[in-house]
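The sequence lines fix the lettering, A, B, ..., with proteins before strands; numbering per chain opens at 1. What you see is a predicted model, and the numbers here were worked out from it, not measured in a lab.
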Protein chains: 2
Amino acid sequence: MKGTKQPPTDVARGRPKAFDYEEALDTAMRVFWTRGYDGASLTNLTDAMGINRPSLYATFGNKEDLFQLTLERYAQQNATVFAECLSHVSARAGMDRLLREAAEAFASPANPGGCFWNQALMSCATATSKMQRHMKKMAAGFDATLVGRLERAVADGELPPGTSTTDLARYFSVVFQGLGLQARRGSTRDELHRAIDMAMRGWPT
Amino acid sequence: MKGTKQPPTDVARGRPKAFDYEEALDTAMRVFWTRGYDGASLTNLTDAMGINRPSLYATFGNKEDLFQLTLERYAQQNATVFAECLSHVSARAGMDRLLREAAEAFASPANPGGCFWNQALMSCATATSKMQRHMKKMAAGFDATLVGRLERAVADGELPPGTSTTDLARYFSVVFQGLGLQARRGSTRDELHRAIDMAMRGWPT
DNA sequence: TAATTTCTGTACCGAACGATACAACTAGTT
DNA sequence: AACTAGTTGTATCGTTCGGTACAGAAATTA
């Protein structure tokens, strides 16, 4: 990540960038999202981002750094909705909402389809062990947040005492990821919502 | 697929192959399964298969042909268990069984982890449109089989009349694929089975 | 205006990619 | 034994890969 230069900390000094940092990162994300890590070549990336190679390297480091940055950006972009869903008074309603928000994003024609994180997960076999560790850490954080919310639900009496929160969180994780793949296969948002209706029946009574 | 030569139709004529056709195909499948289509280089493949490039090309065509052959083999290998599960008198028990068999395969340490078909699905963005069509066709076949079994269940009275068999099939497809990704993330078979317990609660009453 | 700083564009690097030409080799056929 | 069909190993093809050196362009600073 050395040499990576974030947006201006002070005033710009030399020649100004001819592109927007975050916009370029978003575009890169979509390329990786569509083609996977290995399938996305630097030419694919620079063409889509509208910048040339040296600019990319000076700004984002190398390909792996860029990929990691897009992953972090993806997490960051969805963190707000994620937190909002889980802050709902009812854990059940929050979980339902989370799945439905995900369905919207996964099936949105504005996106490449499915879940970027799924794509990254399948792509990371050829990645550095450092990046694999990073991804595992992100995944663990996601799971932990889910478990935390469910534990609060048990404490609140919304879930029966003795409920295995890890098992329940894992179940919803399965559904979550399944929705992403199903969306990738072309399912519409309505179809995903109907699947969520059924998935929510798994909630303990 | 031109130039592809299947196992001996007549008696072998020239110099005999120094490797087993199906064994080599299995090995290739595992390489693709682990690394994805783009992530698997010909060197990765030939090294693992224990054959050299010209033998690979003479026997399996090019890289894309080989990939397609491994996909077909994967489908063929699982077709038996698949059909057996769905031939159960109870559609519900059959579906349950299908998911559990899948969980075993997805989490088996003998396999690369997860579902090869999932991996292929994410890899196919860079593939030929011909191969994408082929994959869509395979997926549609899977779905149609599921729907067919559920329709029979409606006719048998196992499912309430008016049940949307396509919606139900899609739900189980979501769970199925989710299990694959969860396994890839390292979940054990027991953990997957507990997720299936919850998923089966989505079955209409 | 001169000096300095930063970014852009071209042109290229060595390495790895998918794919083959070709000769040596090994079997069955005659 | 001579011939033919098919496989194997080596050595290589042209292309694309990720990554960079370097000169010129565009801004701020003095």
Side-chain angles (χ1 to χ4, degrees), chain A residues 1-25 28 31-32 35-70 123 126-128 130-131, chain B residues 1-25 28 31-32 35-70 123 126-128 130-131:
Chain A
M1 200 85 67
K2 79 179 160 80
T4 301
K5 282 153 194 167
Q6 302 292 104
T9 48
D10 326 317
V11 206
R13 276 268 297 190
R15 178 173 177 174
K17 273 181 166 48
F19 63 94
D20 181 65
Y21 179 88
E22 307 209 327
E23 196 176 327
L25 204 51
V31 176
F32 281 130
R35 312 179 64 95
Y37 179 75
D38 296 302
S41 71
L42 280 182
T43 305
N44 293 147
L45 289 164
T46 53
D47 282 359
M49 298 163 87
I51 68 181
N52 40 35
R53 281 167 136 88
S55 297
L56 189 150
Y57 275 85
T59 312
F60 303 104
N62 61 17
K63 186 184 178 185
E64 195 171 310
D65 292 335
L66 176 60
F67 186 62
Q68 201 160 316
L69 285 171
T70 61
S123 295
T126 60
T128 321
K130 170 193 159 194
M131 213 187 72
Chain B
M1 200 83 67
K2 77 177 160 86
T4 302
K5 282 152 196 169
Q6 302 292 104
T9 48
D10 326 317
V11 206
R13 277 270 297 189
R15 177 174 176 173
K17 273 181 165 49
F19 63 94
D20 181 65
Y21 178 90
E22 307 208 326
E23 197 177 326
L25 204 52
V31 176
F32 281 130
R35 311 180 65 95
Y37 179 74
D38 296 301
S41 71
L42 280 181
T43 305
N44 292 147
L45 289 163
T46 53
D47 282 359
M49 297 163 88
I51 68 181
N52 41 34
R53 281 168 138 86
S55 296
L56 189 151
Y57 276 85
T59 311
F60 303 104
N62 60 19
K63 187 185 177 184
E64 195 172 310
D65 292 335
L66 175 60
F67 185 63
Q68 201 159 316
L69 285 171
T70 60
S123 296
T126 60
T128 321
K130 170 193 159 194
M131 215 187 72

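Among residues two or more places apart in sequence or in another chain, the side-chain hydrogen bond (donor to acceptor under 3.5 Å, both in side chains) test is passed with B:Ser55 by B:Asn52. Partners of A:Asp47 by side-chain contact (heavy atoms from CB on, under 4.5 Å), not counting sequence neighbours, listed by chain and number: A:Thr43. For A:Glu64, the side-chain hydrogen bond (donor to acceptor under 3.5 Å, both in side chains) partners at least two apart in sequence or on another chain are A:Thr128. In this view, A:Ala18 satisfies the side-chain contact (heavy atoms from CB on, under 4.5 Å) rule with no residue, not counting sequence neighbours. Take B:Thr70 and apply the side-chain hydrogen bond (donor to acceptor under 3.5 Å, both in side chains) test, not counting sequence neighbours, and it matches no residue.
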Using atom names, set out every protein N or O paired with an N or O of nucleotides 23-26 of chain D below 3.5 Å, distance rounded to 0.1 Å.
from, atom 1, to, atom 2, distance (Å)
D:dA25, N3, A:Arg15, NH1, 3.2
D:dA26, O4', A:Arg15, NE, 3.4

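Here the OG1 atom belonging to A:Thr46 is positioned 9.5 Å from the OH atom belonging to A:Tyr57, to the nearest 0.5 angstrom. To the nearest 0.5 Å, the span separating OG1 on B:Thr126 from CE on B:Met131 amounts to 7.5 Å.
The separation between B:Met49 atom CE and D:dG9 atom C1' is 17 Å, rounded to whole Å. Atom CG in B:Leu45 sits roughly 12 Å away from atom C1' in C:dC17 (whole-Å rounding). Remark: P of D:dG9 and OH of B:Tyr57 are 17 Å apart, rounded to the nearest angstrom. What separates CG of A:Leu56 from P of D:dG19 is a distance of 10 Å, to the nearest Å. Atom CD in A:Glu64 sits about 18 Å away from atom P in D:dC17, given to the nearest Å. A:Lys17 places its NZ atom 11 Å from the C1' atom of C:dT8, with the value rounded to the nearest Å. Protein atom CG of A:Asn44 is 7 Å distant from nucleotide atom P of D:dC17, rounded to whole Å. Remark: C1' of C:dG18 and CG of B:Asp65 are 13 Å apart, rounded to the nearest angstrom.
A cation-pi arrangement is found for A:Lys63 relative to A:Tyr37, the charged atom lying closer than 6.0 Å to the ring centre and inside a 45° cone about the ring normal.
Taking the six-membered ring where tryptophan is involved, the planes of B:Phe60 and B:Phe19 are tilted, since the angle between them lies from 30° to 60°.
Between B:Thr43 and C:dC17 there is a side-chain polar atom (N or O) within less than 4.0 angstrom of OP1 or OP2. Not one side-chain nitrogen or oxygen of A:Ser55 sits closer than 4.0 Å to the OP1 or OP2 atom of C:dC7.
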Indicate for each nucleotide in nucleotides 10-16 of chain C, in 5' to 3' sequence, whether protein heavy atoms under 4.0 Å reach the base (B), only the sugar-phosphate (S), or nothing (-).
-> B------

